[in-house]
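Order of listing sets the numbers, starting from 1, for every ligand and every atom in it.
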Amino acid sequence: MDIKSQTKEALVGVLAEWGHPAYRADQVLRWIYSQHATSWEVMTNIPAALREKLASEFTLTTLGFVRLQGAADTTRKFLWRLKDQSFIESVLIPANPALDGDKSDRHTLCISTQVGCAYGCRFCASGLDGFKRNLEAAEIVDQVLAVERYIQANPPTTPEGTAVAPGEKIVSNLVIMGMGEPLANYDNLLTALKILNAPWGGGIGARKITISTSGLAPQIGKLADEPFQFQLAISLHGATNATREKIMPVNRKYPLEELVAACEYYQKQKGRMMTFEYILIAGVNDAVAEVAPLASLAKRLNAKVNLIPYNPVEGLPWQRPTEAVAEAFLNALLKRNVSATLRREKGGDIDAACGQLRLRTMKEANASKV
Ligand code: SAH
Ligand code: SF4
């Protein structure tokens, strides 16, 4: 077990069994989540014997930095190596004060939950290589800490960049939209989010954590019964079974009727607005005829629609529509009084869509082997 997979209650319990008071847990957790400690030795206020005991019972592993794409004042994509040599990605997006009013030193981090993905959406780079394994809770948690460690160790050289003082947190929002299907790794995801949400851990508010799913209806129902106000984003990409089935095999397992029922239950339990992610793929789901069913679903579920022009993936045939087509789709939704936005930034410049940096790195590694 890794120490970063432990909630405070679990750690207090273990320490009590060993005959130690609860404040020792606070000390350990402060070292890990406030001081970004990467070894037991630095925890100098913990007695040496207890440090040794902790080290023999728990691992304290950290993600290995492999490469970084993007400049300090834009979106930055991190590629990490896990202990089994697999790769995962996290994407750091600076807050846009003009857009969301947030201070510009706050960031949204997009994190991964699995190595690969079993759901095989036809347009997605993450599923291309199939599914390898679930991430442990610690591997989900450490994506936040690893980004903060990296930025502390590599202060920005431009005035636009964000410097991080030791112990300072820069990740204010989390989106679970990296590689993998988060709800297919339900237990580890929930443990990780409890840790990242807790005041003694990541300190990120539940309302600032968005879980994106391709539509695992039963798990959406389960999540609705949890005592957390996480935001839910549904990767819809089609508002009829016919369109959705063309690009998302998961729709055969959980057709729209079932997905919508689960979303309605989530809505009822949480009383919050949800989002529909809708990537626009040329000639697949961008026809004006798709607008009416999408608008009626959005209204029924009180959902906001995020339109995202598709990021082409090397080796896949799909393209993004022209700007005119995307704008027309947006305007048709707005005309029906649906709350909708169209992403216009050029994330494609750094392969911003999930799984793409990993895919490129694996291809390069394979090419250099032959
Ligand atoms: N498995 C989850 C979360 C990870 S994918 C899910 O599917 O929701 C995060 C988002 O990126 C999803 O909405 C997914 O459809 C989208 N996505 C995947 N490949 C993309 C691409 N090439 N261009 C734009 N968005 C993409
Ligand atoms: Fe998996 Fe999400 Fe990619 Fe679909 S879009 S293959 S569910 S990561």
Any N/O of E277 closer than 3.5 Å to an N/O of ligand 1?
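Min N/O separation from ligand 1 is not below 3.5 Å for E277.
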Using a 4.0 Å cut-off to any heavy atom of [X], which atoms of ligand 1 qualify?
| X | answer |
| --- | --- |
| G180 | 1 (N), 2 (C), 3 (C), 4 (C) |
| T213 | 6 (C), 8 (O) |
| S212 | 2 (C), 3 (C), 6 (C), 8 (O) |
| V313 | 22 (N) |
| G178 | 4 (C), 5 (S) |

Side-chain touch [X]/[Y], heavy atoms, less than 4.5 angstrom:
| X | Y | result |
| --- | --- | --- |
| L50 | V28 | no |
| K335 | V291 | no |
| I111 | I176 | yes |
| Q143 | L196 | no |
| D142 | W80 | no |

Only pairs at least two apart or in different chains count here, so list each side chain to side chain donor-acceptor pair (under 3.5 Å) that has a residue in residues 216-227.
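Checked against side chain to side chain donor-acceptor pair (under 3.5 Å) - neighbours excluded - the pairs reaching residues 216-227 are Y186-E226, D225-Y265, D225-Q269.
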Salt bridge (charged side-chain N to carboxylate O under 4.0 Å, His left out), that's the test. Do E9 and K194 meet it? Break it down for me.
CA-CA 11 Å; E9 302 78 71; K194 265 181 214 165; over 6 Å; no
Is F123 touching ligand 1 with its side chain, its backbone, both, or neither, if touching means heavy atoms under 4.0 Å apart?
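Contact part for F123 vs ligand 1: both backbone and side chain.
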Between I279 and ligand 1, which residue portion shows a heavy-atom distance shorter than 4.0 Å: side chain, backbone, both, or neither?
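Under 4.0 Å from ligand 1, I279 contributes side-chain atoms alone.
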Could you list the atoms of ligand 2 found under 4.0 angstrom from a heavy atom of [X]?
| X | value |
| --- | --- |
| G120 | 6 (S) |
| S214 | 7 (S) |
| Y119 | 7 (S) |

Any N/O/S atom from C121 (main chain or side chain) under 2.8 Å of atom 3 (Fe) of ligand 2?
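False for C121.
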With the threshold set at under 4.0 angstrom, would you say [X] reaches ligand 1 through any of its heavy atoms?
| X | result |
| --- | --- |
| H237 | yes |
| C121 | no |
| A233 | no |

So, R320 and D286, do they make that salt bridge, N to O below 4.0 Å?
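No, R320 and D286 are not salt-bridged.
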Closest to atom 3 (Fe) of ligand 2 among C117, G127, C124, A184 (heavy-atom distance):
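Shortest heavy-atom distance from atom 3 (Fe) of ligand 2: C124.
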Could a heavy atom of G180 be found less than 4.0 Å from some atom of ligand 2?
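Yes, G180 has heavy atoms under 4.0 Å from ligand 2.
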I need the full list of ring-ring contact (aromatic ring centres under 6.0 Å, His included) pairs touching residues 206-240, with sequence neighbours left out, sorted by first then second residue.
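The answer is F123-H237, F228-F230.
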Specify the closest pair of heavy atoms between E139 and L135, including all atoms of both residues, with the distance to one decimal.
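Shortest heavy-atom separation between E139 and L135 comes out as OE1-CA, 3.4 Å.
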Heavy atoms of other groups near K299 NZ, more than 12 under 6.0 Å:
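Yes, because the 6.0 Å sphere around NZ of K299 holds more than 12 heavy atoms from other groups.
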